[in-house]
Every structure is written in structure tokens, then in C-alpha cells.
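Shown next, in C-alpha cells, is the structure this report addresses.
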There are 2 protein chains.
Amino acid sequence: MNNGDYEKMSVFFRTIGNPTRLKILTELLKNERCVGDVENHIGTGQANISQHLAILKRHDIVDCRKEGNMRCYFLKDPLLLKKILDLAAQGN
Amino acid sequence: MNNGDYEKMSVFFRTIGNPTRLKILTELLKNERCVGDVENHIGTGQANISQHLAILKRHDIVDCRKEGNMRCYFLKDPLLLKKILDLAAQGN
DNA sequence: GGACTATATTAGAAAAAAAGAATATATCAT
DNA sequence: ATGATATATTCTTTTTTTCTAATATAGTCC
């Protein structure tokens with residue numbers, strides 16, 4: 001692994017290393033969700049959710065599609081994410 | 001998962017989500033190392049390495065034992081860590 | 001077009017993380 | 001005890017992250 005690889009991997013871990021984003025990811029692991037859904041399941045405001053989703057999207061962890069008025073977010077690689085979260089949960 | 005679990009898991013990911021710490025962990029995955037060894041393998045100063053090792057230790061990812069003048073650091077759960085890093089590396 | 005709903009973006013403040021320099025501690029060798 | 005080596009700790013500054021509030025955009029319904 002070269003320097004850039006470490007940088008890239010560290011960005012990935014930091015991206016998922018936030019409680020709100022982990023909650024979002026856990027929701028998305030169950031199902032695709034639009035922003036409003038996420039907001040209801042998680043205790044924080046709309047702007048904040050939207051920001052966290054933007055971060056996850058920017059780092060290619062989620063993607064979204066328009067559906068009328070709303071945007072549905074989904075995991076780009078749910079299996080990979082599930083494996084990683086399961087491992088991390090085990091380590092408690 | 002309750003709130004505390006998300007918090008805890010996020011701390012874990014943030015802890016490993018730093019390029020220098022990832023380098024250290026990769027070294028320790030190969031073998032137990034004393035601080036000087038780590039320092040040679042990684043491009044940063046003694047104090048900084050020591051700080052990062054302290055962070056990893058505080059979060060129970062590594063532990064260390066004294067050996068004469070030096071301290072040897074090792075992973076507390078090398079297998080778990082290897083699995084997680086391998087998965088994250090795959091996701092590129 | 002205008003109001004309404006869903007979501008995104010921007011800006012600014014506060015908190016957390018990082019790095020480097022300097023200093024401290026502990027062990028070893030003499 | 002003294003000096004040397006290995007490592008840890010503290011302090012300060014800079015950078016990054018996070019949150020909140022305010023505003024903007026885009027699509028829907030009338």
C-alpha cells in the first residue's frame with residue numbers, strides 16, 4: 001500500500017465513523033429511504049441529515065435517485081458495508 | 001443498537017480512520033513492534049508516533065509490554081483488524 | 001404563476017483532532 | 001550518580017469536523 005491508499009482508506013473509515021452517519025447507514029441497510037424517512041428514524045434536523053447524506057454520497061458510499069418530489073438514498077455496496085459493520089459490532 | 005452503540009462504533013472507526021494510525025496498524029499486523037521500529041517504517045517524528053500509539057491503546061486496539069528500555073506494541077485482535085482492513089481495501 | 005413540500009446549500013460558530021516543539025520519565029550502561 | 005537511549009506527556013497552533021440557522025432550489029398541486 002502506498003501513501004495515497006492509506007489516505008483513501010482513512011477517509012473511508014472517517015466517513016463511516018460518525019454516529020449519525022452510522023445510524024443512517026443502518027437504516028439504509030434495511031431499505032432504500034428518502035430523506036424524510038431517515039429524518040423520522042433519526043433524532044436530528046433536516047439540514048443535518050441532508051449534510052450527512054451529502055458526505056456519504058461524496059465518498060461514494062451511498063447514491064440516490066429522484067422520485068417525484070423526493071430523493072431516495074441507497075447504499076452502493078450494501079453487502080460490503082454490512083460485513084464491515086458486523087465485524088465492528090462484534091468487536092465490542 | 002442503541003445510541004451508545006453507535007457512538008462506540010463510530011469511535012472505533014474514527015480511531016482507525018487516520019492515515020498514520022492505519023500505517024501503524026498495518027505494521028503491527030505484520031508483527032509486534034517497538035516504537036522505534038514503527039518510527040522507522042513511518043514518516044513522522046517520535047512524539048507523533050507515541051501520541052498515535054497512545055490513542056490506539058486508549059481505544060483498546062493495541063496494547064504494549066515493556067521489554068527493557070523499550071515498549072513493544074501489538075494488536076489486541078489482529079484477526080478482526082485484518083478482516084476489516086481487507087474489506088475496506090477491497091472497496092476501492 | 002403562486003403556494004406548498006421536500007431537500008440542498010451556505011455561512012458562521014463551536015468543538016474535536018492533528019502536528020510539532022519542548023520537556024519529562026524511565027531504564028540501561030558506566 | 002551520570003549520561004545515554006527510548007518513550008511519554010504537555011502545550012500551543014492549525015486544520016478539520018460538526019452543528020444550527022438561514023436561505024435557496026426544485027418539483028407538485030391548484
Side-chain angles (χ1 to χ4, degrees), chain A residues 3-4 6-28 31-75, chain B residues 3-4 6-28 31-75:
Chain A
N3 261 3
Y6 287 112
E7 185 55 54
K8 217 169 158 184
M9 193 186 263
S10 75
V11 168
F12 170 74
F13 284 126
R14 258 176 295 156
T15 302
I16 67 176
N18 168 283
T20 301
R21 288 195 290 274
L22 277 179
K23 283 182 206 169
I24 293 174
L25 293 173
T26 304
E27 276 307 308
L28 296 185
N31 221 321
E32 181 180 78
R33 296 263 196 248
C34 71
V35 183
D37 293 339
V38 177
E39 206 180 332
N40 291 332
H41 283 275
I42 297 178
T44 180
Q46 179 268 318
N48 198 234
I49 298 279
S50 203
Q51 286 166 346
H52 282 300
L53 283 168
I55 290 170
L56 291 170
K57 185 155 183 287
R58 187 182 319 135
H59 293 106
D60 267 326
I61 293 173
V62 307
D63 203 351
C64 73
R65 63 188 177 75
K66 285 186 187 165
E67 183 160 327
N69 214 0
M70 339 193 236
R71 295 206 182 181
C72 293
Y73 282 82
F74 54 90
L75 298 172
Chain B
N3 261 3
Y6 287 113
E7 186 56 54
K8 218 168 159 186
M9 193 186 264
S10 76
V11 168
F12 169 74
F13 284 127
R14 258 175 295 157
T15 303
I16 67 176
N18 168 283
T20 301
R21 288 195 290 273
L22 277 179
K23 282 181 205 169
I24 293 174
L25 293 172
T26 304
E27 276 308 308
L28 296 185
N31 222 322
E32 182 181 76
R33 298 260 196 251
C34 72
V35 183
D37 293 338
V38 176
E39 206 180 331
N40 291 332
H41 283 276
I42 297 179
T44 179
Q46 181 269 319
N48 198 233
I49 297 279
S50 204
Q51 286 165 347
H52 282 299
L53 283 169
I55 290 169
L56 290 170
K57 185 153 182 290
R58 187 180 320 135
H59 292 106
D60 268 327
I61 293 173
V62 308
D63 202 352
C64 73
R65 62 188 177 74
K66 285 186 187 168
E67 183 160 327
N69 214 359
M70 338 193 238
R71 296 207 182 178
C72 293
Y73 282 82
F74 55 90
L75 298 173

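Convention: sequence-line order gives letters A, B, ...; per-chain numbering from 1.
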Which part of the nucleic acid does Gly68(A) contact within heavy-atom distance under 4.0 Å: base, sugar-phosphate only, or nothing?
sugar-phosphate
Whichever of Gly45(A) and Arg71(A) has the more 5' nearest nucleotide on DNA chain D, that residue is Gly45(A)
Distance check: side-chain N/O of Tyr73(A) vs OP1/OP2 of dA8(C), anything under 4.0 Å?
yes
Name the one of Ile24(B), Val38(B), Thr20(B) that satisfies side chain to side chain contact (heavy atoms under 4.5 Å, CB included) with Thr44(B)?
Thr20(B)
Here's a test for you: under side chain to side chain contact (heavy atoms under 4.5 Å, CB included), which of Glu39(A), His41(A), Arg21(A) qualifies with Ile49(A)?
Glu39(A)
Rounded distance (Å) that lies between atom C1' of dA21(C) and atom CD of Gln46(B):
12 Å
So, OP1 or OP2 of dA6(D): does either fall under 4.0 Å of a side-chain N or O from Ser50(B)?
no
OP1 or OP2 of dA17(C) less than 4.0 angstrom from a side-chain nitrogen or oxygen of His52(B), does that happen here?
no
In this structure, how many angstroms lie between the C1' atom of dA26(D) and the CZ atom of Arg65(A), rounded?
17 Å
Under 4.0 Å: is that the gap between some side-chain N or O of Lys66(A) and OP1 or OP2 of dG27(D)?
yes
Closest to the Asn48(B) side chain: dA19(C), dA18(C), dA8(C)?
dA19(C)
Could you state the interatomic distance from SG (Cys64(A)) to CE (Met70(A)), rounded to the nearest 0.5 Å?
13.0 Å
Can you identify which nucleotide, out of dT9(D), dA19(C), dA8(C), has its nearest atom closest to the Thr20(B) side chain?
dA19(C)
Atom CD1 of Ile24(A) to atom P of dA8(C): distance rounded to whole Å?
11 Å
Select base, sugar-phosphate, or nothing to describe what Ala54(A) touches, counting heavy atoms under 4.0 Å on all strands.
nothing
Distance col, row Ile55(B):CD1 vs Ile61(B):CD1, nearest 0.5 angstrom, shows 10.0 Å
Under 4.0 angstrom between Arg21(B) side-chain N/O and dA17(C) OP1 or OP2:
no
Rounded to the nearest angstrom, tell me the gap between atom CG in Asn18(B) and atom P in dT16(D).
12 Å
In whole angstroms, how far is the P atom of dA8(D) from the CG atom of Asn69(B)?
11 Å
Tell me: CD of Glu67(B) to C1' of dA26(C), nearest whole Å?
16 Å
Rounded to whole angstrom units, what separation is found between the CG atom of Leu53(B) and the C1' atom of dT7(D)?
10 Å
Matching residue for Leu56(B) among Asp63(B), Leu75(B), Leu28(B), Leu25(B) - test: side chain to side chain contact (heavy atoms under 4.5 Å, CB included)
Leu25(B)
Can you tell me how far C1' of dG20(C) sits from CD1 of Ile49(B), to the nearest Å?
13 Å
Output the single nucleotide from dT17(D), dA6(C), dT9(C) whose closest atom is nearest the side chain of Arg14(A).
dT17(D)
With no angle test and no hydrogens, is the base of dT10(D) tied to the side chain of Gln51(B) by a donor-acceptor pair under 3.5 Å?
yes
